[in-house]
Protein chains: 2
Amino acid sequence: MALTDTNSWTGIREELLRRIHDRVWEPGAQIPHEADLAEEFGCARTTVNRALRDLAESGLVIRKRRAGTRVALNPPQRATLTIPIIREEVEALGKTYRHSLLERAYQPVPPMLHGVFHASLGEDVLYLKTLHFADERPYAFEERHINLDTVPEARQRKFEVSSANEWLVHNAPYSRGDLSFSALNANEDTARILDCTQGTALFAMERITWTGDAPITHVKLIFAPGYRMRSTI
Amino acid sequence: MALTDTNSWTGIREELLRRIHDRVWEPGAQIPHEADLAEEFGCARTTVNRALRDLAESGLVIRKRRAGTRVALNPPQRATLTIPIIREEVEALGKTYRHSLLERAYQPVPPMLHGVFHASLGEDVLYLKTLHFADERPYAFEERHINLDTVPEARQRKFEVSSANEWLVHNAPYSRGDLSFSALNANEDTARILDCTQGTALFAMERITWTGDAPITHVKLIFAPGYRMRSTI
DNA sequence: AAGTGGTCTAGACCACACG
DNA sequence: GTGTGGTCTAGACCACTTC
């Protein structure tokens with residue numbers, strides 16, 4: 001007997017989850033068809049479908065047409081990271097946000113990005129160096145390249161008041177992006193900028209975004225010592 | 001005129017996305033009701049609902065009963081990280097995986113975890129130190145605490161052959177978890193174990209998982225120098 | 001060829017939040 | 001109260017994949 005509503009899709013999801021956790025259905029085993037489950041729970045197939053679709057999204061079951069639904073053998077451990085706008089992240093900590101534009105220049109595409117910004121190899125990109133502060137202490141150091149082929153309007157922007165990140169989010173929405181996280185030792189420049197000792201381990205995030213096939217921007221964020229990126233599963 | 005099917009929910013999602021990207025609907029603006037859109041596209045409301053629900057999940061629109069649907073002002077940048085089992089990650093690189101159990105001991109709950117493992121304060125936890133190799137080179141160093149209240153069967157396991165991670169995934173599925181990433185400098189021990197020089201910046205991941213309210217395990221993984229965690233948006 | 005999940009419909013009622 | 005999204009139903013056809 002189920003304790004939860006078996007008529008709501010969330011209730012059905014709970015019951016299915018229970019059976020998986022309690023190994024009523026073993027990992028790798030096939031589970032009953034939607035139609036059978038619908039009959040068992042006394043609801044429409046659509047409702048069972050909704051519950052199963054949700055479990056499939058979280059990776060707990062694998063669904064294939066004709067082959068049916070199976071409990072995943074190695075449930076991938078997925079986590080949804082929410083990457084906040086730095087201003088909001090700082091303000092959520094109850095601190096005062098400020099940023100300062102350290103450099104703004106037109107440069108040829110740096111070698112590191114040749115493979116990515118190939119479309120605009122002949123053209124300069126807009127290079128920005130920004131320092132983000134929380135309560136007047138360095139919080140993160142940002143280096144950014146903006147593809148002027150894709151976002152020519154960026155030429156008119158100084159990015160002194162509103163940050164490039166916020167402007168781009170509103171004016172050049174991306175359709176996909178690559179993201180990577182790493183650790184690096186503070187070099188002389190970085191240590192000076194972030195006000196820490198050289199060699200300190202720093203958390204870095206790199207991101208490249210596209211709209212369709214056209215790259216928009218590349219950002220590298222290096223956070224001040226002690227930064228942690230958190231998430232829940 | 002839409003190029004995509006306006007009768008499939010994905011087609012409708014594309015068209016809605018286009019209107020948001022092209023600022024037909026400005027950030028913050030309210031968009032037409034489901035019923036109106038259904039009429040416009042000549043489909044059932046359910047189908048529009050499916051498309052809008054998908055956009056809401058990715059954070060592009062905000063939906064509220066009675067208040068309607070609005071284009072998000074600051075679309076949060078969400079990324080789904082897939083945290084692989086280390087063996088699979090290494091094997092996907094075309095390298096040979098091996099791991100070695102450095103220590104296995106019963107210990108009191110370490111102070112760091114007092115807030116988390118409170119349920120079992122009187123009891124010992126199982127402490128495991130494991131080194132993961134890729135092609136015989138250190139890949140990641142793992143420290144783990146297992147709550148024996150929640151998973152008493154772990155006492156019988158040596159964890160020499162199959163890793164604790166894989167065993168737990170199959171035998172103590174979790175319902176939720178906290179995850180964090182950070183950067184740290186290699187100390188003397190870590191440097192020796194990972195075969196790098198002291199002070200090197202290392203990428204670290206920490207994870208605590210629960211089943212219901214009972215904590216299952218705490219893991220701290222420190223990766224060898226140069227590790228990058230990648231994802232797409 | 002046939003069985004399974006994927007999707008769509010038309011209609012209905014409900015839950016919530018705003019006025 | 002009232003309008004909006006949230007969900008459920010019963011039925012239907014479709015698309016993919018394995019047999």
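Just so it is clear: chains get the letters A, B, ... in the order the sequence lines come, proteins before strands, and each one is counted from 1. The analysis underlying the following values was restricted to heavy atoms, covering all of them including side chains, and did not include hydrogens, waters or symmetry mates. Model, not experiment: these values are computed from the prediction.
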Measure from [atom1] on [X] to [atom2] on [N] and round the result to the nearest Å.
X: B:R63; N: D:dT7; atom1: CZ; atom2: C1'; answer: 12 Å
X: B:E39; N: C:dC8; atom1: CD; atom2: P; answer: 19 Å
X: B:D54; N: D:dG6; atom1: CG; atom2: C1'; answer: 16 Å
X: B:L55; N: D:dG5; atom1: CG; atom2: P; answer: 13 Å
X: A:E34; N: D:dT9; atom1: CD; atom2: C1'; answer: 15 Å
X: B:R70; N: C:dC18; atom1: CZ; atom2: P; answer: 11 Å
X: A:I62; N: C:dG5; atom1: CD1; atom2: C1'; answer: 14 Å
X: B:W9; N: C:dG5; atom1: CH2; atom2: P; answer: 18 Å

* **Of the listed nucleotides C:dT4, C:dT7, D:dG5, the one nearest the side chain of B:H33** =>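 Looking only at heavy atoms from C-beta outward on B:H33, the closest nucleotide is D:dG5.
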Find out whether [X] and [Y] are in side-chain contact, i.e. whether some heavy atom of one side chain is under 4.5 Å from a heavy atom of the other.
X: A:F223; Y: A:Y139; answer: yes
X: B:L221; Y: B:Y227; answer: no
X: B:R50; Y: B:T47; answer: no
X: A:R19; Y: A:V71; answer: no

* What are the two closest heavy atoms between B:P215 and B:N147, and how far apart are they? ->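 Closest approach of B:P215 to B:N147: O-ND2, 3.0 Å.
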* **Side-chain N or O of A:N49 closer than 4.0 Å to phosphate OP1/OP2 of C:dG6** =>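 Checking A:N49 against C:dG6: at least one side-chain N or O falls below 4.0 Å of OP1 or OP2.
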* Check whether any side-chain nitrogen or oxygen of B:T47 sits under 4.0 Å from OP1 or OP2 of C:dT7, and answer yes or no. =>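 B:T47 to C:dT7 OP1/OP2: no side-chain N or O under 4.0 Å.
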* Structure fact -> With B for base contact, S for sugar-phosphate-only contact and - for none (protein heavy atoms under 4.0 Å), nucleotides 10-19 of chain D reads BBB--BBBBS
* Asked: For A:R230 and B:S180, does a side-chain donor sit closer than 3.5 Å to a side-chain acceptor?
  ->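 Per modelled atom types, A:R230 and B:S180 side chains form no pair under 3.5 Å.
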* Asked: Hey, mind stepping through A:I31 and A:L52 against side-chain contact (heavy atoms from CB on, under 4.5 Å) and telling me if it holds?
  -> CA-CA 11 Å; A:I31 76 179; A:L52 280 172; 3.7 Å; yes
